[in-house]
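Take a look at the structure below.
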Amino acid sequence: MSDSPVLRVAVSGARGRVGREIVAAVHADPGFTCVAEVDVDDDLTGAIVDFGAQLLIDFTTPAAGLRNALIAVEAGVAPIVGTTGLGAAGVDRIREACGRAGTGGCVAANFALGAALLMWFSELGAPHFEHAEIIETHNPAKADAPSGTALRTAERMLAARAGRAFAHQDAQTAPLAGTRGGTLGGIGVHSLRLDGVVADQAVVLGALGQTLTLSHRTTSRAAFAPGVLLAARRVAETHRFFDSLEAVLGLPDPATVYAAGPQPLP
C-alpha cells in the first residue's frame, strides 16, 4: 500500500458528460477523494474552501473554466483544466496566476493519451511535409468548432516549422463556399459534427508521391480520466504548471529531438 497522502479533489462540471466520468474515476482511485462535485451555477469558492480541496478538476465551458481556474488559484487550490476554447490568452492568465500564487496547475487541450501522442507525432512530422489537413469530429452538442485539440495541433505543427506555412491550394471555383475548410498557417482544418461520435481527430500530411495519416478515435469519455488523474498527481508532486498532457508525460520537446535542425527531403 502506498504511503502517499490521499489527494482531495473538487470537480466542476461534475454533472456534465465528461465530468461524470471524472467523478467516477476519482471515486474509484484510492489515491484520491472527491470532496466536492459542483456545476456551473454552484458556489465554487464555498465548495473548495469548506471541504479543503487541494485540486480543482474543471470540465465546463470556456468562460466558466477560466473563471473557475482563477478562483481556485486565489484560494490556493491547483487547477486541472480540461475545458477547451480558453485560447492562448486564457491559458496565459492561468499560468501567470499559478506563478504568482506559487501553486501548480495544468491546462491541456486533450487529456486522452492517444490524442496527446497524435499531437506529438504530428509535430515531429510537420517539418518534413509541405501539405497538411486536420479533420476533427465531435458530437453535435460541442460548442466550439474547430476543437481546441485541432487548433493546438495546428499551432504546434507550425511551431515545429519555425512558423513556415504549409502549402495550401484554394479551389479555382467554389460552387459551395467553405468546402476547403478554415486555414491556419496553410493547414486546412475541418470540423465534422455527428451523432454517435465522442471525439476523433486525423492529421493528414502530404508530400511528393505519398501521404501520412495519423488518427485517434475516442470511443468513451472515460478515455480522459487517466490523463486527468496523472496530471493531478504530477501537479501535486511538483507544484509546476503544465500546458499539455505531453508535458505531464515527459515527452521530449521536438525542438530537442531535432537538435541539429530538421532535415526535410529535397
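- Taking Ile, Leu, Val, Met, Phe, Trp and Tyr as members and joining any whose side-chain heavy atoms lie under 4.5 Å apart, directly or through other members, Leu208 forms no hydrophobic cluster with any other residue.
- What you find for Thr218 and Asp200 is that their closest heavy atoms are N-OD1, 3.3 Å.
- Side-chain contact, Thr149 with Glu136: no donor N or O sits under 3.5 Å from an acceptor N or O.
- Other residues, nucleotides and ligands place no more than 12 heavy atoms under 6.0 Å from the CZ atom of Arg93.
- Across Arg234 and Arg240, no two heavy atoms sit closer than the pair NH2-NH1, 3.9 Å.
- Ion pairing between a basic and an acidic side chain is recognised when a charged N comes within 4.0 Å of a carboxylate O; Glu130 and Arg164 show such pairing.
- A pairwise comparison of heavy atoms in Gly148 and Ala109 identifies O-CB, 4.0 Å as the closest pair.
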Under 3.5 Å donor-acceptor pairs involving side-chain atoms of residues 21-30, not counting sequence neighbours:
| residue | atom | partner | partner atom | Å |
| --- | --- | --- | --- | --- |
| His27 | NE2 | Glu37 | OE2 | 3.2 |
| Asp29 | OD1 | Gly31 | N | 2.8 |
| Asp29 | OD1 | Arg233 | NH2 | 2.9 |
| Asp29 | OD2 | Arg233 | NH2 | 2.6 |

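- Among all heavy-atom pairs drawn from Ser122 and Met157, the shortest one is O-CG, 3.8 Å.
- Arg8 contributes a side-chain N or O that, together with a main-chain N or O of Phe51, makes up a donor-acceptor pair within less than 3.5 Å.
- Checking side-chain atoms of Asp39 against main-chain N and O of Arg15 turns up a donor-acceptor pair under 3.5 Å.
- For the pair Arg161 and Phe166, the cation sits on the ring face: its NZ or CZ lies under 6.0 Å from the ring centre, inside 45° of the axis.
- Closest of all the heavy-atom pairs between Leu249 and Ala116 is CD1-CB, 4.4 Å.
- Formation of a donor-acceptor pair under 3.5 Å by the Thr60 side chain with backbone atoms of Gly13 is not found in this model.
- Both Leu7 and Val228 are members of a single hydrophobic cluster when ILVMFWY side chains are connected at heavy-atom separations under 4.5 Å.
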>> Show, in sequence, the C-alpha distance, side-chain angles and deciding distance for Arg180 and Glu133, and conclude whether the salt bridge (charged side-chain N to carboxylate O under 4.0 Å, His left out) test is met.
In response: CA-CA 10 Å; Arg180 289 291 285 121; Glu133 306 271 339; 3.1 Å; yes
